[in-house]
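By convention in this document, chain letters (A, B, ...) are assigned in the order of the sequence lines, proteins followed by strands, and residues within each chain are numbered from 1.
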Protein chains: 2
Amino acid sequence: MQAPMANLTPRQTEILQFIEQRLRAEGYPPSQRDIAEHFGFAQNAARDHLQALARKGEIEISPNDARGIRLLREQTPPGLPLLGRIAAGAPITAPSNAEHWLELDPGLFQPRADFLHRVDGDSMIDAGILPGDLVGIHAQSEAENGQIIAACLYEPRGGFERITLKRYRRKGSVVTLHAENPRYEPIVIDLAQPAEDQEAAPFRIAGIMGGLLRTGAPR
Amino acid sequence: MQAPMANLTPRQTEILQFIEQRLRAEGYPPSQRDIAEHFGFAQNAARDHLQALARKGEIEISPNDARGIRLLREQTPPGLPLLGRIAAGAPITAPSNAEHWLELDPGLFQPRADFLHRVDGDSMIDAGILPGDLVGIHAQSEAENGQIIAACLYEPRGGFERITLKRYRRKGSVVTLHAENPRYEPIVIDLAQPAEDQEAAPFRIAGIMGGLLRTGAPR
DNA sequence: AGGACTACTGTTCGTTTGAACAGTACTTGT
DNA sequence: ACAAGTACTGTTCAAACGAACAGTAGTCCT
């Protein structure tokens with residue numbers, strides 16, 4: 001049902017970007033001749049490109065209207081996907097896993113967030129992270145000691161991966177994932193002793209915490 | 001230096017709104033004849049209005065460009081002011097007090113936030129609110145028992161008001177403002193005994209907490 | 001080998017559009 | 001009482017603009 005995104009050619013992408021840029025800069029779209037002049041070709045080349053873009057669903061053309069170009073696939077309103085359970089093997093950042101999209105500037109977090117993760121336990125309560133909080137995660141596969149990470153743990157029953165927030169600490173080949181709650185035991189993983197009784201890699205770093213959004217007051 | 005907002009006539013406001021509406025709906029501005037046709041007058045009347053709007057700084061006209069209308073005073077990108085210290089007497093929501101504006105959807109918070117407040121102590125740490133957190137506040141002057149409120153307290157030395165986060169509780173005429181940290185004593189205020197040794201109202205409710213944004217990981 | 005698509009040039013045509021000039025009627029401030 | 005601004009009508013003109021037709025060269029698919 002949705003539009004099949006772009007099998008746009010590089011040239012067509014250039015032209016689309018030019019239109020977007022001019023729209024932002026001027027407040028109104030360029031004319032066909034504006035486009036032609038900018039790229040150094042004839043007006044009809046611009047027209048051909050516009051028709052190609054229209055055919056591919058990127059723009060809509062109002063016949064006989066000067067500058068009658070409407071962007072269809074426009075603003076990706078800067079937002080963040082809220083990721084739920086992760087299908088095993090699928091890349092973390094795959095937006096197909098998104099539960100919701102929140103209109104939230106990724107740059108508000110530090111480091112900038114790539115996705116959000118909803119906390120579902122009280123295991124990090126002593127770090128001021130409550131159940132239901134949305135944590136901004138910067139996707140990266142390594143972490144420094146003491147950082148709070150989104151750990152991707154394989155769930156044996158169910159066959160999916162789950163993201164859990166833990167404080168990361170590594171000494172040699174031994175990784176410890178600490179909860180910030182005395183009622184939880186730390187998880188200890190020795191990277192030098194692989195496979196053991198688990199089938200797949202039991203653990204990987206999905207990213208590091210860059211901040212937190214709580215959408216409501218505590219009860 | 002800034003533009004003096006509008007001493008726009010009602011008619012000019014109508015025309016400006018029409019331009020904005022068309023820009024949203026079509027993606028490009030109307031031509032002078034579009035405007036004339038919509039309002040039922042001649043093209044030159046539209047032109048006169050555009051020149052008046054340009055003279056008053058509402059729009060900019062690109063000469064000889066079809067639909068060459070650029071809105072100047074346009075989008076207030078939906079955001080939230082981050083309020084610092086409040087000058088005594090000034091209304092809380094006065095954006096002149098804003099330290100910064102964050103591009104953040106007020107509707108992310110529940111109830112919807114009117115402004116943000118930066119927490120500067122650890123007095124609410126047991127509610128998962130850490131120093132440096134930005135709390136979304138819904139401006140209202142009353143609260144229910146148990147809600148976390150932004151309390152406006154008068155600072156005797158300095159002559160300004162300061163916002164502090166407290167848990168609100170009221171029994172009859174006695175209001176108690178609890179910290180969520182055993183190291184802090186609750187503030188008790190009896191509304192039935194006014195003035196006492198303080199000059200102004202020592203306390204008022206600025207709003208209730210609707211959520212929280214933490215822009216960075218805890219150290 | 002042929003069809004479809006991309007990426008252009010070149011020219012012509014008719015409409016859309018902004019610009020300019022001239023004029024009317026009413027209101028508001030000094 | 002006069003100047004300035006608002007809110008229009010009416011006409012004319014040239015530039016800007018979209019549309020159409022014809023054609024070339026290259027790539028990619030089957």
Side-chain angles (χ1 to χ4, degrees), chain A residues 3-23 25-73, chain B residues 3-23 25-73:
Chain A
M5 177 47 189
N7 25 354
L8 293 188
T9 65
R11 198 58 160 162
Q12 288 167 357
T13 309
E14 272 187 86
I15 278 136
L16 188 62
Q17 284 173 346
F18 174 69
I19 296 168
E20 286 169 356
Q21 179 227 309
R22 283 289 284 261
L23 226 168
E26 308 290 337
Y28 50 90
S31 66
Q32 293 176 2
R33 280 179 178 84
D34 284 347
I35 298 170
E37 196 182 326
H38 177 262
F39 288 97
F41 48 57
Q43 174 234 331
N44 269 356
R47 186 174 168 75
D48 281 359
H49 279 121
L50 289 180
Q51 286 175 335
L53 287 170
R55 196 170 356 103
K56 293 182 174 179
E58 293 291 330
I59 62 172
E60 205 172 282
I61 301 175
S62 296
N64 298 316
D65 264 11
R67 300 163 198 273
I69 302 171
R70 187 180 317 166
L71 297 178
L72 296 180
R73 249 186 251 332
Chain B
M5 178 47 189
N7 24 355
L8 293 188
T9 66
R11 199 56 162 162
Q12 288 168 356
T13 309
E14 271 187 86
I15 278 136
L16 187 62
Q17 284 173 345
F18 173 70
I19 296 169
E20 287 169 357
Q21 179 227 309
R22 284 288 285 259
L23 226 168
E26 307 290 336
Y28 50 91
S31 66
Q32 293 176 4
R33 279 179 179 86
D34 285 346
I35 298 170
E37 196 181 326
H38 177 262
F39 288 98
F41 49 57
Q43 173 235 333
N44 269 356
R47 188 176 166 74
D48 282 359
H49 280 121
L50 289 180
Q51 286 176 334
L53 287 170
R55 198 172 353 103
K56 293 181 175 180
E58 292 291 329
I59 63 172
E60 205 172 281
I61 300 175
S62 296
N64 299 314
D65 264 11
R67 301 165 197 272
I69 303 171
R70 186 180 319 166
L71 298 178
L72 296 180
R73 250 183 250 331

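For the pair A:Ile35 CD1 and C:dA7 C1', the interatomic distance rounds to 15 Å; values are reported in whole Å. Taking atom OH of residue A:Tyr28 and atom C1' of nucleotide D:dA16, one finds them 12 Å apart after rounding to whole Å. Between the CG atom of A:Leu50 and the P atom of C:dC5 there is a distance of 18 Å, given to the nearest Å. Taking atom CG on A:Asp34 and atom C1' on D:dG18, their separation rounds to 13 Å, with Å as the unit. Atom CG of A:Leu16 and atom P of C:dT6 are 15 Å apart (whole Å). Protein atom CG of A:Asp48 is 10 Å distant from nucleotide atom P of C:dT6, rounded to whole Å. Straight-line distance from the NE2 atom of A:His49 to the P atom of D:dG18: 16 Å, rounded to whole Å. Put simply, CD on B:Glu37 is 14 Å from C1' on C:dT15, counting in whole angstrom units.
For A:Asn44 and D:dA20, a side-chain-to-base donor-acceptor distance below 3.5 Å is present, hydrogens and geometry of angles not being considered. The base of D:dA16 does not come close enough to the side chain of B:Asp65 for any donor and acceptor atom to sit less than 3.5 Å apart. Between the side chain of A:Gln51 and the base of D:dA19 there is no donor-acceptor pair of N/O atoms closer than 3.5 Å. Evaluation of atom-type donor-acceptor distances gives no pair under 3.5 Å for the side chain of A:Gln43 against the base of D:dA16.
Considering only side-chain N and O atoms, A:Arg11 lies under 4.0 angstrom from the phosphate OP1 or OP2 of C:dC8. Contact annotation: A:Arg47 side-chain N/O to D:dA19 OP1/OP2 distance is under 4.0 Å. For A:Lys56 and C:dC5, the shortest distance from a side-chain N or O to OP1 or OP2 is not below 4.0 Å. At D:dA16, none of the side-chain N or O atoms of A:Gln32 fall inside 4.0 Å of OP1 or OP2 (strictly under the cut-off). Using a 4.0 Å cut-off, no side-chain N or O of B:Ser31 falls inside it from OP1 or OP2 of C:dT16. Of the side-chain N and O atoms in B:Arg67, none sit less than 4.0 angstrom from OP1 or OP2 of D:dA16. Remark: A:Thr9 is not in phosphate contact with C:dT6, judged by side-chain N or O atoms under 4.0 Å from OP1 or OP2.
Ring geometry for A:Phe41 versus A:His49: interplanar angle of 30 to 60°, hence tilted.
Separation of atoms CD1 (B:Ile61) and CD1 (B:Ile69) is listed at 7.0 Å; rounding is to 0.5 Å.
When each of B:Glu14, B:Gln12, B:Glu20 is tested with B:Leu16 by the rule side chain to side chain contact (heavy atoms under 4.5 Å, CB included), just one qualifies, namely B:Glu20.
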Legend entry - Candidate pair B:Gln17 and B:Gln21, rule side-chain contact (heavy atoms from CB on, under 4.5 Å), full reasoning: CA-CA 6 Å; B:Gln17 284 173 345; B:Gln21 179 227 309; over 6 Å; no

Legend entry - Stepwise side-chain contact (heavy atoms from CB on, under 4.5 Å) check, B:Tyr28 with B:Arg22: CA-CA 7 Å; B:Tyr28 50 91; B:Arg22 284 288 285 259; over 6 Å; no

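Each of B:Arg33 and A:Ile61 was assigned the nucleotide of DNA chain D with the nearest heavy atom; the assignment lying further toward the 5' end belongs to B:Arg33.
Summarising the local packing, CD of A:Gln51 is surrounded by more than 12 heavy atoms from other residues, nucleotides or ligands at distances under 6.0 Å.
Note on B:Ala66: only backbone sugar-phosphate atoms sit closer than 4.0 angstrom, heavy atoms only; bases stay farther off.
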